[in-house]
Chemist: 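To start, I am sharing the structure in question, which I have written as structure tokens.
Every number for a ligand or one of its atoms is a count from 1 in the order of the listing. For reference, positions follow the sequence shown, starting with 1.
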Amino acid sequence: MRKSLVHNQKNPSSEIRNPKLEKSAIRNPQSAIVLVTGGAGFIGSNFIRYVLKKYPADIVINLDKLTYAGNLENLEGIKDNPGYRFVRGDIADRELVNRLFAEERFDLAVNFAAESHVDRSILDAAPFIEANIKGAQVLLEVARYYGVKKFLQVSTDEVYGSLGKEGLFREDSPIRPNSPYAASKAAADLLCYTYYNTYDLPVIITRSSNNYGPYQFPEKLMPLMIRNALNDKKLPIYGQGGNVRDWIYVEDNCRAIDLVLRNGRVGEVYNIGASCERVNLEIVKLILKKLDKPESLIEFIEDPRGKAHDFRYGLDSSKVQNELNWSPRYDLEEGLDKTIEWYLAHQGWLERVITGEYLDYYRKVYGSNYSITP
Ligand code: NAD
Ligand code: TYD
């Protein structure tokens, strides 16, 4: 007999099944069985925490490969929740995904799993094709075979490419990705459209702007700058720091994703942004101010992204606001205060997620400039 897929390879004690989960075979009409992929990463772990709190009767199964960005510590306090299980595995592994769907008969599926960092995609696009495109296709195909009520693909505003000084991206804006990361996410979005059009799979896509908050891996702007500032290391700003990003506190995105998942219209795209555009340099200066560190820590470096560096993102999120009555609850001041507070209280986490792999990566991106040490 095949061993159940539901286990935690890093923590064998979680193999003990609990009564609530055993009952998942007997469907409770009040609850949903939810597949969350990439739930050991930044947004996915915040989403699982949100769902288990809001829907205590739901069962959440987290399928994650545990790449450098996936960390079970992000789910501390959750792993013993009777409605939660972890499966270590790759979304591009069709056999595994097939067995998991056969075993669990998911009502809802949310695909967060992805290679998520632009700089890494410029160094090597291959893992992005495998996880973000092939992985999405495997999930779509298996979801089609077994049927789900909703399949939500977590996408990004980066699929739209770059804005000039004016205007905002709407859901019907053309898709014009500039980096390998953005191209891989755009390809997955197109596959989603295809599975909706061709096979009537109930797919929905969310495209959010730049998230920030607890548990974000310190390769992205905010956590990298917070960590370096805390350690009095140099803060590397690409170019002149004039690029603009539209920031959203992760909990606001999780609330919007959940609303779209439960109440959104299938076949639709929903932009999710908090109308919070800021120039990178302003963000970095704000972090330094909040940590009471000098601006002399800033170091402007040659832009490692070159032409792939999008100048500006800005989202028109009126669709999710009007249709689903969503609006962000955190402004930048409040969200950043909460984020910094979290990183201050979790400096051990920060150091533990940084492995030798991170140091290799860091050297590749910032290496020509040796004052930028990790
Ligand atoms: P992250 O890098 O923190 O986490 C990604 C998670 O996916 C990790 O736990 C990793 O182990 C897992 N994973 C990677 N490849 C996998 C595979 N083949 N099979 C199973 N698991 C795999 O990413 P994040 O910032 O939490 O982003 C989550 C999703 O949201 C991604 O799809 C990303 O494109 C999208 N998104 C992120 C942002 C942002 O600002 N972070 C903005 C818009 C959209
Ligand atoms: P990032 O957090 O990687 O998100 P994305 O590129 O997906 O928007 O980067 C946000 C912005 O910050 C982007 O314009 C690049 C810039 N940046 C730096 O200037 N220095 C850094 O060390 C990093 C990681 C990013």
Chemist: Answer whether the closest heavy-atom distance between the side chains of Val138 and Ile91 falls below 4.5 Å.
Modeler: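 Of all side-chain heavy-atom pairs linking Ile91 with Val138, none is under 4.5 Å.
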Chemist: Does Asp107 come within less than 4.0 Å of Lys149, counting only side-chain N to carboxylate O?
Modeler: yes
Chemist: Can you list everything that forms a side-chain hydrogen bond (donor to acceptor under 3.5 Å, both in side chains) with Glu171? Sequence neighbours excluded, please.
Modeler: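 Applying side-chain hydrogen bond (donor to acceptor under 3.5 Å, both in side chains) to Glu171 gives none.
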Chemist: Is the charged tip of Arg262 near the ring of Tyr55: under 6.0 Å from the six-membered ring centre and within 45° of its axis?
Modeler: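 Judged by the rule, Arg262 and Tyr55 form a cation-pi pair.
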Chemist: Do any nitrogen or oxygen atoms of ligand 2 lie under 3.5 Å from a protein nitrogen or oxygen, and which ones?
Modeler:
unit_1	atom_1	unit_2	atom_2	d
ligand 2	2 (O)	Leu221	N	2.8
ligand 2	3 (O)	Arg305	NH2	2.9
ligand 2	4 (O)	Asn210	ND2	3.2
ligand 2	6 (O)	Arg305	NH1	2.4
ligand 2	6 (O)	Arg305	NH2	3.1
ligand 2	7 (O)	Glu158	OE2	2.5
ligand 2	8 (O)	Asn210	ND2	2.9
ligand 2	8 (O)	Arg245	NE	2.6
ligand 2	12 (O)	Asn280	ND2	3.4
ligand 2	14 (O)	Arg245	NH2	3.3
ligand 2	14 (O)	Asn280	ND2	2.8
ligand 2	14 (O)	His309	NE2	2.7
ligand 2	19 (O)	Tyr238	N	2.9
ligand 2	20 (N)	Pro236	O	2.8
ligand 2	22 (O)	Pro236	O	3.3
ligand 2	22 (O)	Tyr366	OH	2.7

Chemist: Quick one: does NZ or CZ of Arg255 land under 6.0 Å from the six-membered ring centre of Tyr50, within 45 degrees of the ring axis?
Modeler: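 No cation-pi geometry.
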Chemist: I need the contact residues for ligand 1: any residue with a non-hydrogen atom closer than 4.0 Å to the ligand, ordered by chain then number.
Modeler: Gly38, Ala40, Gly41, Phe42, Ile43, Asp64, Lys65, Leu66, Thr67, Ala69, Gly70, Gly89, Asp90, Ile91, Phe112, Ala113, Ala114, Ser116, Ala131, Val154, Ser155, Thr156, Tyr181, Lys185, Ser208, Ser209, Asn210, Asn211
Chemist: Return each pair, listed once, that meets salt bridge (charged side-chain N to carboxylate O under 4.0 Å, His left out) where at least one residue sits in residues 181-194; pairs must be two or more places apart or across chains.
Modeler: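 Salt bridge (charged side-chain N to carboxylate O under 4.0 Å, His left out) check on residues 181-194 returns Asp189-Arg207.
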Chemist: Look at the side chain of Thr206 and the backbone N and O of Val154, then say whether any donor-acceptor pair between them is shorter than 3.5 Å.
Modeler: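 Answer holds: no.
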Chemist: Kindly indicate whether the side chain of Ile301, heavy atoms from C-beta on, has any atom under 4.5 Å from the side chain of Lys234.
Modeler: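 Counting from C-beta outward, Ile301 and Lys234 never come under 4.5 Å.
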Chemist: Out of Tyr361, Tyr181, Tyr68, which residue meets the side-chain hydrogen bond (donor to acceptor under 3.5 Å, both in side chains) rule with His117?
Modeler: Tyr361
